[in-house]
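I have placed the structure first, in the form of structure tokens, so that the comments after it can refer back to it.
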Amino acid sequence: MTLKTILLGACSALAFSGLASAETLTIATVNNGDMIRMQGLTSEFTAKNPDIQVEWVTLEENVLRERVTTDIATSGGQYDIMTIGNYEVPIWAKQGWLLPLEKLGDNYDVDDMLPSIRGGLTVDSKLYAAPFYGESAMIMYRKDLFEKAGLKMPENPTWEFIGDAARKITDRNADINGMCLRGKAGWGENMAFITALTNSFGGRWFDENWKPQFDQPEWKNALQFYVDLMKDAGPSGASSNGFNENLTLFQQGKCGMWIDATVAASFVSNPKDSKVADQVGYALFPTQGEMKNHGNWLWSWNLAIPKSSQKAEAAEKFIAWATSKEYTQLVASKEGWANVPPGTRTSLYKNADYEKAAGFAAPTLAAMNAADITKPTVKPVPYTGGQFVAIPEFQSLGTTVGQLFSAVVAGQSSVDDALASAQSTATREMTRSGYIK
């Protein structure tokens with residue numbers, strides 16, 4: 001055997017050994033645009049960390065929530081990193097299901113996080129998830145359709161104005177729906193919007209004694225408004241539409257208005273994907289009458305490590321990369337500043353390049369600043385959360401109620417019947433769980 005053969009064999013063995021010893025992270029995430037972009041940039045991370053490989057499990061929002069909840073509650077260990085919301089983080093951290101993030105690196109700058117976002121991910125002074133992007137809700141609308149109808153969007157629009165405007169700009173012959181809203185059942189789908197809507201109408205899920213409030217006039221007024229608006233100005237099949245479906249409709253020019261997550265702004269204003277990119281305007285989530293409650297939608301999609309993961313060190317290294325200032329710079333260099341993940345860092349909203357490129361930066365920050373999840377409703381409540389109720393039971397209860405309300409939009413039930421069913425279902429669940437004696 002020659003010396004050359006021996007050396008080549010040794011090199012091959014070393015290379016194989018290095019490949020074999022590489023850790024593979026399994027990451028569960030939602031099929032939203034920013035996460036898809038992150039997957040496309042993963043090679044930038046693995047190139048700098050050849051000892052770590054990444055496998056993605058990308059799921060529709062409702063399916064993701066079901067899968068990761070089941071896995072973490074049973075210590076299944078399928079995932080090393082989970083994409084979860086600020087609803088789950090404090091609840092799961094208190095259950096001992098998540099590992100604290102304590103080694104994000106000296107240059108990570110935790111203090112740069114927006115206080116409202118960081119606060120929702122912190123339990124007992126420890127950070128249990130890192131925010132990938134944050135959002136509130138706002139109106140996205142077609143300026144050209146408003147001009148054609150002789151309408152001007154107010155700085156602080158009311159629901160009365162929005163309902164009237166949506167009906168005026170609806171043009172069925174031209175396949176233009178005046179309003180697109182979430183109708184797909186799910187606590188984080190249609191109930192995210194409907195809960196925020198009802199908050200702004202002065203409603204609440206529970207009173208101070210945890211008694212469900214679906215039998216109160218605020219819920220009737222809010223749900224009737226929503227159902228009538230979808231009937232008069234919404235797209236066909238609205239009961240099946242979630243965030244991604246409405247995004248597609250808006251980008252295709254089939255929505256005059258869309259009220260949803262502020263993160264959508266970068267997609268509807270991107271000329272590569274949106275036919276109406278140059279006509280999009282933005283406004284705050286509407287209020288009702290004199291209450292001036294903007295619904296208080298505040299959400300973040302976050303990366304967290306389940307306690308069951310055996311690869312916590314590698315997982316935290318990936319999270320530090322994907323939620324860092326450096327990652328923001330990477331996306332800006334590849335896709336432009338308008339497409340960086342929004343709503344997590346104070347420094348982004350002080351960045352002149354971002355402000356110049358993203359016409360939605362100021363409206364997004366205003367929407368997030370208008371949200372206060374510690375006081376989401378007009379009347380006092382025993383819970384926190386904006387478009388959700390921060391108790392473990394809400395995930396199941398919210399989805400059940402969402403199914404009842406989605407059926408109304410589909411024409412399979414009435415507002416009164418859905419509310420009566422929601423009241424009895426919620427009362428039964430809250431009694432069974434010990435909230436009501």
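The model shown is predicted, which means the values in this text are computed figures rather than measured ones.
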>> Quick check against the 3.5 Å criterion: does Asn190 have a side-chain atom that pairs as donor or acceptor with the backbone of Gly402?
In response: yes
>> Taking Lys311 first and then Glu316, would you say they form a salt bridge - that is, a charged N and a carboxylate O separated by under 4.0 Å?
In response: no
> What's the spacing between Gln403 CD and Ser413 OG if we round to 0.5 Å?
Replying inline: 12.5 Å
>> If I take atom CG from residue Leu114 and atom CG from residue Leu365, how far apart are they, to the nearest 0.5 angstrom?
In response: 7.0 Å
>> Let's go through Asp112 and Thr346 carefully: what are the C-alpha distance in whole Å and the side-chain angles of both, what is the deciding distance for side-chain hydrogen bond (donor to acceptor under 3.5 Å, both in side chains) to 0.1 Å, and is it a yes or a no?
In response: CA-CA 6 Å; Asp112 186 46; Thr346 301; 4.6 Å; no
>> Run Leu397 and Thr425 through side-chain contact (heavy atoms from CB on, under 4.5 Å) and show every step you take.
In response: CA-CA 8 Å; Leu397 181 58; Thr425 299; 4.0 Å; yes
> Can you find a side-chain donor-acceptor pair between Thr323 and Tyr108 that sits under 3.5 Å?
Replying inline: yes
> Are side-chain N/O atoms of Tyr435 and Glu429 paired as donor and acceptor at under 3.5 Å?
Replying inline: no
>> I'd like to check Thr287 versus Asn156 (side-chain heavy atoms, cut-off strictly below 4.5 Å). Are they in contact?
In response: no
> Going by the angle between their ring planes, with limits at 30° and 60°, are Phe285 and Trp159 parallel, tilted or perpendicular?
Replying inline: perpendicular
> Can you name the nearest heavy-atom pair linking Thr170 to Gly178, along with the distance?
Replying inline: OG1-N, 3.0 Å
>> Do Gln39 and Thr58 pair up side chain to side chain, a donor and an acceptor below 3.5 Å, judged on atom types alone?
In response: yes
>> Check the orientation of Phe405 and Trp219. Use parallel for under 30°, tilted for 30 to 60°, and perpendicular for over 60°.
In response: tilted
> So, Ser324 side chain and Trp321 main chain: donor-acceptor pair closer than 3.5 Å or not?
Replying inline: yes
> Glu189 and Arg65: salt bridge (charged side-chain N to carboxylate O under 4.0 Å, His left out), yes or no, with the steps?
Replying inline: CA-CA 11 Å; Glu189 281 283 6; Arg65 290 190 168 110; 5.9 Å; no
>> Which residue in the set Tyr282, Phe243, Phe193 passes ring pair (Phe, Tyr, Trp, His ring centres under 6.0 Å) when paired with Trp258?
In response: Phe243
> In a check of side-chain hydrogen bond (donor to acceptor under 3.5 Å, both in side chains) between Tyr133 and each of Asp34, Asn32, Thr344, which one passes?
Replying inline: Asn32
>> Students often mix this up, so state it plainly: with edges at 30° and 60°, are the rings of Phe388 and Tyr87 parallel, tilted or perpendicular?
In response: perpendicular
>> If you define the side chain from C-beta out and look only at heavy atoms, does anything of Trp97 sit under 4.5 Å from Ser75?
In response: no
> Do the ring planes of Trp205 and Phe214 sit parallel (below 30°), tilted (30 to 60°) or perpendicular (above 60°)?
Replying inline: perpendicular
> Would you call Lys48 and Glu44 a salt bridge, taking side-chain N to carboxylate O under 4.0 Å as the test?
Replying inline: no
> Around atom CZ of Arg37, are there more than 12 heavy atoms of other residues, nucleotides or ligands at under 6.0 Å?
Replying inline: yes
>> Test side-chain contact (heavy atoms from CB on, under 4.5 Å) on Phe318 and Val54; report intermediate values, then the result.
In response: CA-CA 9 Å; Phe318 180 87; Val54 177; 4.3 Å; yes
> Of all residues at least two apart in sequence or in a different chain, which pass the side chain to side chain contact (heavy atoms under 4.5 Å, CB included) check with Ala166?
Replying inline: Met179, Leu229, Ala233, Met257
>> Can you confirm whether the side chains of Gln288 and Thr158 place a donor and an acceptor under 3.5 Å from each other?
In response: no
>> What I want to find out is whether Asp416 reaches Lys220 closely enough, with some N-O distance under 4.0 Å, to be called a salt bridge.
In response: yes
> Going through the checks in order, is the side-chain contact (heavy atoms from CB on, under 4.5 Å) test met by Ser433 and Glu393?
Replying inline: CA-CA 8 Å; Ser433 300; Glu393 294 77 11; 3.4 Å; yes
> Quick one: OG on Ser309 to CG on Leu99, what's the gap to the nearest 0.5 Å?
Replying inline: 7.5 Å
>> Is it the case that over 12 heavy atoms from other parts of the model lie below 6.0 angstrom from the CD atom of Glu355?
In response: no
> Quick one: which of Arg428, Arg204, Gln423 gives a side chain to side chain contact (heavy atoms under 4.5 Å, CB included) with Pro212?
Replying inline: Gln423
> If we only count heavy atoms from C-beta on, is the Glu102 to Lys126 side-chain gap below 4.5 Å?
Replying inline: yes
>> Quick check: closest heavy atoms across Ala367 and Met138, and the distance to 0.1 Å?
In response: CB-CB, 4.4 Å
>> Can you confirm whether the side chains of Thr377 and Asn199 place a donor and an acceptor under 3.5 Å from each other?
In response: no
> For the residue pair Ile117 and Pro131, what are the closest heavy atoms and their distance?
Replying inline: CG2-CB, 3.7 Å
> Measuring from Thr29:OG1 to Ile36:CD1, what's the distance to the nearest 0.5 Å?
Replying inline: 7.5 Å
> Charged N to carboxylate O below 4.0 Å: is that the case for Lys103 and Glu313?
Replying inline: no
>> Using every non-hydrogen atom in the two residues, find where Leu348 and Thr328 come nearest and quote the distance to one decimal.
In response: CD1-CG2, 4.2 Å
>> If the threshold is 4.0 Å, N to carboxylate O, is there a salt bridge linking Lys379 and Glu218?
In response: yes
>> Strictly below 4.0 Å, N to O, side chains only: are Arg118 and Asp111 in salt-bridge contact?
In response: yes
> So, do Trp187 and Asn62 sit near enough that their side-chain heavy atoms are less than 4.5 Å apart?
Replying inline: no
> Which is it for Gln395 and Thr69 under the side-chain hydrogen bond (donor to acceptor under 3.5 Å, both in side chains) test, yes or no, and what are the steps along the way?
Replying inline: CA-CA 10 Å; Gln395 185 162 357; Thr69 300; 3.0 Å; yes
>> Given Gln78, which partner from the list Asp71, Thr70, Ile72 fulfils the side chain to side chain contact (heavy atoms under 4.5 Å, CB included) test?
In response: Asp71
>> Angle between ring planes, Tyr354 versus Trp337, binned at 30° and 60°: parallel, tilted or perpendicular?
In response: perpendicular
> Between Thr46 and Asn49, is any side-chain donor less than 3.5 angstrom from a side-chain acceptor?
Replying inline: no
>> Aromatic contact between Trp299 and Trp297, with the criterion being ring centroids under 6.0 Å apart: yes or no?
In response: no
> Of the non-hydrogen atoms in Asn270 and Ala277, which two are nearest, and what is the gap between them?
Replying inline: C-CB, 3.9 Å
>> Per the disulfide bond (SG atoms under 2.5 Å apart) rule, what does the pair list look like for residues 180-220, sequence neighbours excluded?
In response: Cys180-Cys255
>> If you count every heavy atom of other residues, nucleotides or ligands that lies below 6.0 Å from Gln252 atom CD, does the total exceed 12?
In response: yes
> What is the minimum heavy-atom distance between Pro341 and Phe132, and which atoms define it?
Replying inline: CB-O, 3.2 Å
>> Are more than 12 heavy atoms, taken from residues, nucleotides or ligands other than Glu66, located less than 6.0 Å from that residue's CD atom?
In response: no
> Would Phe45 and Tyr327 satisfy ring-ring contact (aromatic ring centres under 6.0 Å, His included), going step by step from the backbone distance to the final call?
Replying inline: CA-CA 10 Å; Phe45 171 79; Tyr327 178 82; over 10 Å; no
>> Walk me through whether Trp56 and Tyr79 qualify under ring-ring contact (aromatic ring centres under 6.0 Å, His included).
In response: CA-CA 10 Å; Trp56 291 91; Tyr79 312 113; over 10 Å; no
